[in-house]
Amino acid sequence: MISTPTAALAGASAGCVCFHLRRSARTISQVYDRILAPSGLRGTQYTLLTVVRRAGGLAFSSLAEVLGMDRTTLTRNLRPLERDGLLMIEAGADRRVRLVKLTRLGERKQADAQPLWAKAHRRITNGIGEATWNTLRQNLTHTIAVGHEAIAEQDQL
């Protein structure tokens with residue numbers, strides 16, 4: 001007997017934290033990507049530009065930490081934004097430090113995309129409800145902390 005893909009997935013992943021978090025992240029990312037499409041930015045790119053803009057520029061390692069990305073993934077995500085003139089990476093006072101800053105074009109692009117981001121955010125928060133979003137955000141923050149603790153424990157082995 002051949003089971004349906006949905007039934008097979010449900011049985012294999014019903015209790016898997018990683019599966020549910022990754023699937024949720026992919027689904028929500030698709031919503032943001034589709035709504036942000038007219039701006040030419042993906043959700044991940046908008047987030048990157050927003051973090052850098054709000055910080056007024058960040059050291060590469062600090063940006064990776066804030067975003068929860070390893071340096072290789074961050075480099076891969078920064079490359080198209082740098083190529084398109086939206087941000088620049090320059091040497092800091094200490095040559096080992098690289099600073100990520102928005103260009104004026106990057107500031108405009110981020111500001112122009114902000115209403116689209118707000119639309120995507122409203123779509124999701126209206127769908128799940130503000131109270132659920134607030135609880136979910138707190139639970140995800142706690143989940144991230146637990147993940148960091150688990151990583152630290154593994155690193156000590």
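The residues Glu90 and Lys101 are annotated as salt-bridged, a charged nitrogen and a carboxylate oxygen being separated by less than 4.0 angstrom.
Between the side chain of Thr73 and the backbone N or O of Met69, no donor-acceptor pair lies under 3.5 Å. At least one donor-acceptor pair under 3.5 Å links the side chain of Thr103 to the backbone N or O of Leu86. In terms of modelled atom types and a separation under 3.5 Å, the side chain of Asp33 and the main chain of Gly43 share a donor-acceptor contact. No side-chain donor-acceptor contact under 3.5 Å links Lys109 to the backbone of Arg104. Counting only distance, with no hydrogens or angles, the side chain of Thr135 and the backbone of Thr132 share no donor-acceptor pair below 3.5 Å. In this structure, the side chain of Ser62 does not engage the main chain of Leu58 through any donor-acceptor pair within 3.5 Å. Proximity of a side-chain donor or acceptor of Gln45 to a complementary backbone N or O of Arg42 within less than 3.5 Å is detected.
Leu136 is connected to Val17 through a chain of hydrophobic side-chain contacts under 4.5 Å among Ile, Leu, Val, Met, Phe, Trp and Tyr, so both are in one cluster. Cluster membership check: Leu105 shares its hydrophobic cluster with Ile89, using side-chain heavy-atom separations under 4.5 Å among Ile, Leu, Val, Met, Phe, Trp and Tyr. Val51 and Leu48 end up in the same hydrophobic cluster when Ile, Leu, Val, Met, Phe, Trp and Tyr side chains are linked at under 4.5 Å. In the hydrophobic clustering of ILVMFWY residues, with side-chain heavy atoms under 4.5 Å counting as a link, Val66 and Leu99 come out apart.
Summarising the geometry, atom CG belonging to Leu63 is positioned 10.5 Å from atom CZ belonging to Arg71; distances are rounded to the nearest 0.5 Å. Residue Leu87 holds its CG atom at 12.0 Å from CD of Gln110, rounded to the nearest 0.5 Å. The line from CG of Leu116 to OH of Tyr46 is 9.0 Å long, rounded to the nearest 0.5 Å. Distance NE2/His142 to CD/Gln138: 11.5 Å, rounded to 0.5 Å.
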>> As a quick check of understanding, evaluate side-chain contact (heavy atoms from CB on, under 4.5 Å) for Leu81 and Leu41, giving each step before the final call.
In response: CA-CA 9 Å; Leu81 297 171; Leu41 294 174; 4.3 Å; yes

> Under the side-chain contact (heavy atoms from CB on, under 4.5 Å) criterion, do Thr47 and Tyr32 qualify, and how do the steps go?
Replying inline: CA-CA 11 Å; Thr47 298; Tyr32 278 79; over 6 Å; no

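For the pair Thr50 and Trp117, the minimum side-chain heavy-atom distance is 4.5 Å or more. Residues Phe60 and Thr75 form a side-chain contact, since some pair of their non-hydrogen atoms from C-beta on lies under 4.5 Å apart. A 4.5 Å side-chain heavy-atom check between Leu21 and Leu140 finds at least one atom pair inside the cut-off.
Other residues, nucleotides and ligands contribute only 12 or fewer heavy atoms inside 6.0 Å of the CZ atom of Arg96. Sparse packing is recorded around CD of Glu65, with 12 or fewer heavy atoms of other residues, nucleotides or ligands lying under 6.0 Å away. Atom CZ of Arg137 is surrounded by more than 12 heavy atoms from other residues, nucleotides or ligands within 6.0 Å.
Ring pair His121/Trp133 is perpendicular by interplanar angle, where above 60° counts as perpendicular and below 30° as parallel.
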